[in-house]
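In what follows, a structure is listed as structure tokens, so that the remarks can point back to it.
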Protein chains: 2
Amino acid sequence: MKRTLTPRGAATKRRIVEAAAELIYAKGAERVSLDEVMEATGASRSQLYHYFANKDALVREVIEIQTTRILEANSGHLEHLDSFEALRVWRDALIAANRAGGVRGCPLGSLANELAAHSEEARHQLDQSFAAWGTVIEKGLCRMRERGQIKASANPKAMSVAILAAIQGGILLSKTARDSQPLELALDMALNHLERFAA
Amino acid sequence: MKRTLTPRGAATKRRIVEAAAELIYAKGAERVSLDEVMEATGASRSQLYHYFANKDALVREVIEIQTTRILEANSGHLEHLDSFEALRVWRDALIAANRAGGVRGCPLGSLANELAAHSEEARHQLDQSFAAWGTVIEKGLCRMRERGQIKASANPKAMSVAILAAIQGGILLSKTARDSQPLELALDMALNHLERFAA
DNA sequence: CCAAAAATGGACTGTCCAGTCCATTTTTGG
DNA sequence: CCAAAAATGGACTGGACAGTCCATTTTTGG
């Protein structure tokens, strides 16, 4: 769509995506109008259509940036995972982040719930995002298994999916209750389940 | 809003709520227009505003009916819960229902995700729905504990919340992947966690 | 049987919104 | 320095949609 992008253009585009990400996180993709994005960024209508083919394309970029943010935040905790203690630190970080953000839900979970049935393309993109997140968790568990902290009989792949489900379900219940406790209980269950496989 | 409701009126109202429930389940509340509800039911615009103050009121009734349906379906399995085997039957029923419905998500979970941040009233209503669902699970666990199948040290309240989180997260991941496996893995984790407390 | 209440029909309004179009300003690169 | 490309401005369109309004038909209950 764009041949070249000058630094100025790239900055404008990024500004738009970041503002759209926050608006969409707060209200959902369907409830955010391009006028709101224009107002929040000071960009004109033409700029939106200059950098994005249409609203869906903007939403795709929002999914992209949210995925990147989440993978970065989790990789920090998981890629040197070496003990159950480190898992608990990660657990506490997830809860702290949930609280710090006002218990408003997971950007990816919210988008998945809204878009999975509406756009096959978005559904697939979000499925990839969850898969990547799951892989980060799985790699961490594999590391623990290699270090002999988890039994060889453990199934990191299956566990990573179950842990991610606990995170998503916990965040959804917490968002609905406006209370981080459900997330805490869900994570506690997930870690307790993991400890059954402690070597 | 209505003084009396004749049987005919009650039937019309019910028809509207049921059609709206299906449409909203498929597309989300924001993406369903009253014109679609009219088309699906053969009702006129006046009828909608005769039976419901506005669209939000209709959505509230949809939440109500979906809550009732879910509580009924789960109560059947949980109110005579008497063994781990019965828990597994419930697990299988949840997965079968998820598959039978086309792995489209949980009606309550989807609405909670969409509406929690948008309408304080809907958020509160859905919080109550989840609480009621959790209570059904909790009562089942209490019954097992009273029968001595679960240790007295188990915490049914906390467990019910964690199990519900696993269900919701599993359903969300399954909906996104269009594959019931994530739900299966999440439920397996939840039941395995419970079995740690087998007496 | 008949007046009041309930149920239904459907046109109309005002607003919001995604997307289009054409023009102007700014930057780039030779 | 200048032409081409990139970036920006903003009016305009067509449709969708929630909600209003007034009328007619049907049912109820005394």
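Just the heavy atoms: all of them, side chains too, but no hydrogens, waters or symmetry mates, feed the values below. Here is the naming used below: chain letters follow the sequence lines, and residue numbers restart at 1 for every chain.
The phosphate of C/dA7 has OP1 or OP2 within less than 4.0 Å of a side-chain N or O from B/His50. The side chain of B/Thr4 places an N or O atom within less than 4.0 Å of a non-bridging phosphate oxygen (OP1 or OP2) of C/dA6. Side-chain nitrogen and oxygen atoms of B/Gln47 include at least one within less than 4.0 Å of the OP1 or OP2 phosphate oxygen of C/dT8. Contact annotation: B/Thr12 side-chain N/O to C/dA7 OP1/OP2 distance is not under 4.0 Å.
Of all nucleotides listed (D/dT8, C/dG9, C/dT28), C/dG9 comes nearest to the side chain of B/Ser44.
One interatomic measurement links the two molecules: CZ of A/Phe52 to P of D/dT8, which rounds to 11 Å at whole-angstrom precision. The CG-P distance, from A/Leu5 to D/dA6, rounds to 9 Å in whole Å. We find that CE of A/Met38 is positioned 11 Å from C1' of D/dT8, with the value rounded to whole Å. Between the P atom of D/dA5 and the CZ atom of A/Arg8 lies a distance of 18 Å, rounded to the nearest Å. Between A/Tyr51 atom OH and C/dG19 atom C1' the separation is 18 Å, expressed in whole Å. Nucleotide C/dA6 holds its C1' atom 14 Å from the NZ atom of B/Lys13, rounded to whole Å. Here the C1' atom of nucleotide D/dG10 and the CD atom of A/Glu39 are 15 Å apart, to the nearest Å.
Between A/Glu184 and A/Arg91 there is no salt bridge, since none of the side-chain N atoms of the basic residue sits less than 4.0 Å from a carboxylate O of the acidic one. By the 4.0 Å N-to-carboxylate-O rule, B/Arg60 lies close enough to B/Glu121 to be salt-bridged with it. Under 4.0 Å is where a charged nitrogen must lie from a carboxylate oxygen, and between B/Glu72 and B/Arg69 no such pair does. Between B/Asp127 and A/Arg178 no salt bridge is recorded (no basic side-chain N to carboxylate O distance below 4.0 Å).
Sparse packing is recorded around CZ of B/Arg14, with 12 or fewer heavy atoms of other residues, nucleotides or ligands lying under 6.0 Å away. In B/Glu79, the CD atom is crowded: over 12 heavy atoms of neighbouring residues, nucleotides or ligands sit closer than 6.0 Å.
Checking B/Arg104, B/Lys27, B/Arg15 one by one against B/Glu22, the salt bridge (charged side-chain N to carboxylate O under 4.0 Å, His left out) holds for a single residue, B/Arg104.
A donor-acceptor contact closer than 3.5 angstrom links the side chains of A/Asn113 and B/Lys175. Between the side chains of B/Ser129 and B/Gln125, no donor-acceptor pair of N or O atoms lies under 3.5 Å.
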Which dot-bracket string describes DNA chain C (Watson-Crick N1-N3 plus N6-O4 or O6-N4, or G-U N1-O2 and O6-N3, all under 3.5 Å; [ ] crossing; | other strand)? ||||||||||||||||||||||||||||||

Listing time: all N or O pairs from protein to nucleotides 12-22 of chain D that are below 3.5 Å?
residue, atom, partner, partner atom, Å
D/dA18, OP1, B/Lys55, NZ, 3.3
D/dA18, OP2, B/Leu34, N, 2.9
D/dA18, N7, B/Arg45, NH2, 2.8
D/dG19, OP2, B/Tyr49, OH, 3.1
D/dG19, OP2, B/Lys55, N, 3.1
D/dG19, N7, B/Arg45, NE, 3.0
D/dG19, O6, B/Arg45, NE, 2.6

